[in-house]
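Step one of this worksheet: look at the structure below.
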2 protein chains.
Amino acid sequence: MNRPAPDLLKPRKTPQQSRSAATIEAIHTATIQVLLADGVGRLTTTRVAERAGVSVGTMYQYYPHKQALLFAIVERQLDLIVTAMLGAVERLEGHDLQTVSDGLATAWLDAKMADLVSSRAIYGIAAEFDLAELMSRAKNLMVEAISPLLRAVPDARFADPDLTAFMLAALLGGTVRVVMEAGSSEDDLERLRQELPRACLGYLKMAALQPTSL
Amino acid sequence: MNRPAPDLLKPRKTPQQSRSAATIEAIHTATIQVLLADGVGRLTTTRVAERAGVSVGTMYQYYPHKQALLFAIVERQLDLIVTAMLGAVERLEGHDLQTVSDGLATAWLDAKMADLVSSRAIYGIAAEFDLAELMSRAKNLMVEAISPLLRAVPDARFADPDLTAFMLAALLGGTVRVVMEAGSSEDDLERLRQELPRACLGYLKMAALQPTSL
DNA sequence: CTAAGATATGAAGGATCCTTCAGTTTTGGA
DNA sequence: TCCAAAACTGAAGGATCCTTCATATCTTAG
């Protein structure tokens, strides 16, 4: 919806000395901290630099503009999630419905919870500029991985595995997101951890054509 | 996470002549249009006023600041959704599990789709400042309505209706949100409309203690 | 040790943007 | 018709904020 993601969104230069790598890391974590403390609306180049213990100019040596910084942060986080999920899919191939369902739900929760702070911060960026492309790519990767996984489940057949995978991804992603984005007390997270696998399995059983095992 | 919602977020004055009511309406729709066209980051008091065919000063006669405007927009939209859902709950009281499940899913989808444009725009605001309180209140209203509805379902018993209602609300809200927020082709929306009721029913059957009817 | 390249600094230019308010126009009742 | 209240206008003050670049400091190969 927002401004089209600029093409030149990539880092300006790659670090060659070790200290610059440290600087970049500092900038990244500072960005997330500012994001959490003040929100996207108050995220300022100066503020981030200050928190990173770095001057503003330094930031601009690695990112052509603010957007590029935010973009990089989101991309990294998304990569973490996708990688975790692809790993889970590989591990689950050929297992029965219950195992696959639980495995996916747990993997998703773990991936998000592992860096709950980052995740929560990231959600705030989404609206600021066009992440639809990034998100879409990540979603497609997941659907394309889950679909064959569903086909390989021995004790269930799905009429339209692509459709089911799509819905499953939406269900996992969305449910976790709203709970985390809301007040998300420790209590709510626990409720989520308890119920998400059920929801997951419930839907899959519903989508399966002939539940050979109940 | 973001700045705490100011107390003085309410409209500055209430319209007394009919033309001011029209002005307010124009401002509201203009806000949504700008939101969709340019995103929150580019939403400007001037831009909104321009689009509404009104001067900036006029806006400030009704809202003390930009935030108040956004706040009002979100509040209105949230009210629409909640009202729709409460209506659905009332209609569904005492019906069987399948009916209740389908009814809730459909009601939610309809409420969102009815003003898909607004909804999509609203999602963009969430990150800008603290809507957690608003959202949380809406969520609680829904959970408090759904919970007794579940208790009244004749053909299923739930161990913890509150928990199930909580999860159901998260599932509905989250799943629809991510699909709408993504590219959300007409195609994806159709898939969602088809699969959401299944997911809903699947989860509820899973959460029910003794499924008297399969 | 030294020079060249890499990295860091931060004041300041330029661009918005939010908000105000003194003054104008419109409305509706007396 | 007339006027007081309501509504509207929009230029301009004041506050950020993003980004640049001339300069300074650090690192490492030779």
Side-chain angles (χ1 to χ4, degrees), chain A residues 2-3 5-6 8-28 30-31 34-35 37-73 124-125 128-129, chain B residues 2-3 5-6 8-28 30-31 34-35 37-73 124-125 128-129:
Chain A
N2 305 337
R3 70 173 72 173
L8 302 171
L9 227 42
K10 288 296 157 185
R12 195 165 247 171
K13 73 191 205 183
T14 39
Q16 312 220 348
Q17 300 179 0
S18 67
R19 66 171 162 160
S20 61
T23 298
I24 291 187
E25 187 54 35
I27 292 177
H28 272 213
T31 305
V34 172
L35 223 37
D38 306 334
V40 212
R42 289 205 170 285
L43 184 141
T44 270
T45 50
T46 315
R47 233 183 288 263
V48 168
E50 205 171 349
R51 188 137 199 167
V54 160
S55 103
V56 216
T58 298
M59 273 189 41
Y60 279 85
Q61 209 143 35
Y62 299 104
Y63 302 97
H65 41 248
K66 210 176 83 168
Q67 284 208 356
L69 172 62
L70 296 179
F71 201 82
I73 303 270
I125 306 182
E128 195 66 7
F129 65 116
Chain B
N2 306 336
R3 70 174 71 173
L8 301 170
L9 227 42
K10 288 295 157 186
R12 195 165 249 173
K13 74 191 205 182
T14 37
Q16 311 219 350
Q17 299 180 1
S18 66
R19 65 170 163 163
S20 60
T23 298
I24 291 187
E25 187 54 34
I27 292 178
H28 273 214
T31 305
V34 172
L35 224 37
D38 306 333
V40 211
R42 289 206 170 284
L43 184 140
T44 268
T45 50
T46 315
R47 233 184 288 265
V48 169
E50 205 170 351
R51 188 136 199 168
V54 160
S55 105
V56 217
T58 298
M59 274 190 40
Y60 280 84
Q61 209 145 34
Y62 299 103
Y63 302 98
H65 41 247
K66 209 175 84 167
Q67 283 208 356
L69 172 62
L70 297 179
F71 201 82
I73 304 269
I125 307 183
E128 194 68 5
F129 64 117

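Numbered from 1 within each chain, the chains take letters A, B, ... in sequence-line order.
The span of DNA chain D lying next to chain B, judged by atoms under 4.0 Å from heavy atoms, is bounded 5' to 3' by D:dA6 to D:dG10.
Between the OH atom of B:Tyr62 and the CG atom of B:Leu69 there is a distance of 13.5 Å, given to the nearest 0.5 Å. Between the CD1 atom in B:Ile27 and the OG1 atom in B:Thr45 there is a gap of 11.0 Å [rounded to 0.5 Å]. A distance of 8.5 Å separates OG1 in A:Thr44 from CG in A:Asp38, rounded to the nearest 0.5 Å. Going from atom OG1 of A:Thr31 over to atom CE of A:Met59 covers 6.5 Å, rounded to the nearest 0.5 Å.
The stretch residues 46-56 of chain A comes close to DNA chain C through A:Val54, A:Ser55, each having a heavy atom under 4.0 Å from the strand.
The residue B:Ile24 sits apart from the nucleic acid: no heavy atom pair falls under 4.0 Å. Counting any heavy atom pair closer than 4.0 Å across all strands shown, A:Thr44 reaches sugar-phosphate atoms only and no base atom. Residue contacts shown for B:Thr23 are limited to sugar-phosphate atoms, with no base heavy atom under 4.0 Å away. Contact annotation for B:Ser20: backbone-only contact, meaning every heavy-atom pair under 4.0 Å involves sugar-phosphate atoms and none involves a base.
Between B:Ser18 and B:Leu43, the residue whose closest nucleotide on DNA chain C is further toward the 5' end is B:Leu43.
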I would like to know whether A:Leu70 and A:Tyr63 meet side chain to side chain contact (heavy atoms under 4.5 Å, CB included); could you show each step before the answer?
-> CA-CA 10 Å; A:Leu70 296 179; A:Tyr63 302 97; over 6 Å; no
Given B:Val48 and B:Lys66, is the side chain to side chain contact (heavy atoms under 4.5 Å, CB included) satisfied, shown in steps?
-> CA-CA 10 Å; B:Val48 169; B:Lys66 209 175 84 167; over 6 Å; no
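Rounded to whole angstrom, the span from the CZ atom of B:Arg19 across to the C1' atom of C:dT26 amounts to 4 Å. The OH-C1' distance, from A:Tyr60 to C:dA11, rounds to 15 Å in whole Å.
For A:Thr23 against A:Thr58, the heavy-atom pair with the smallest separation is CG2-CG2, 3.6 Å.
A donor-acceptor pair under 3.5 Å links the side-chain atoms of B:Ser55 to the main chain of B:Gly57, judged by distance alone.
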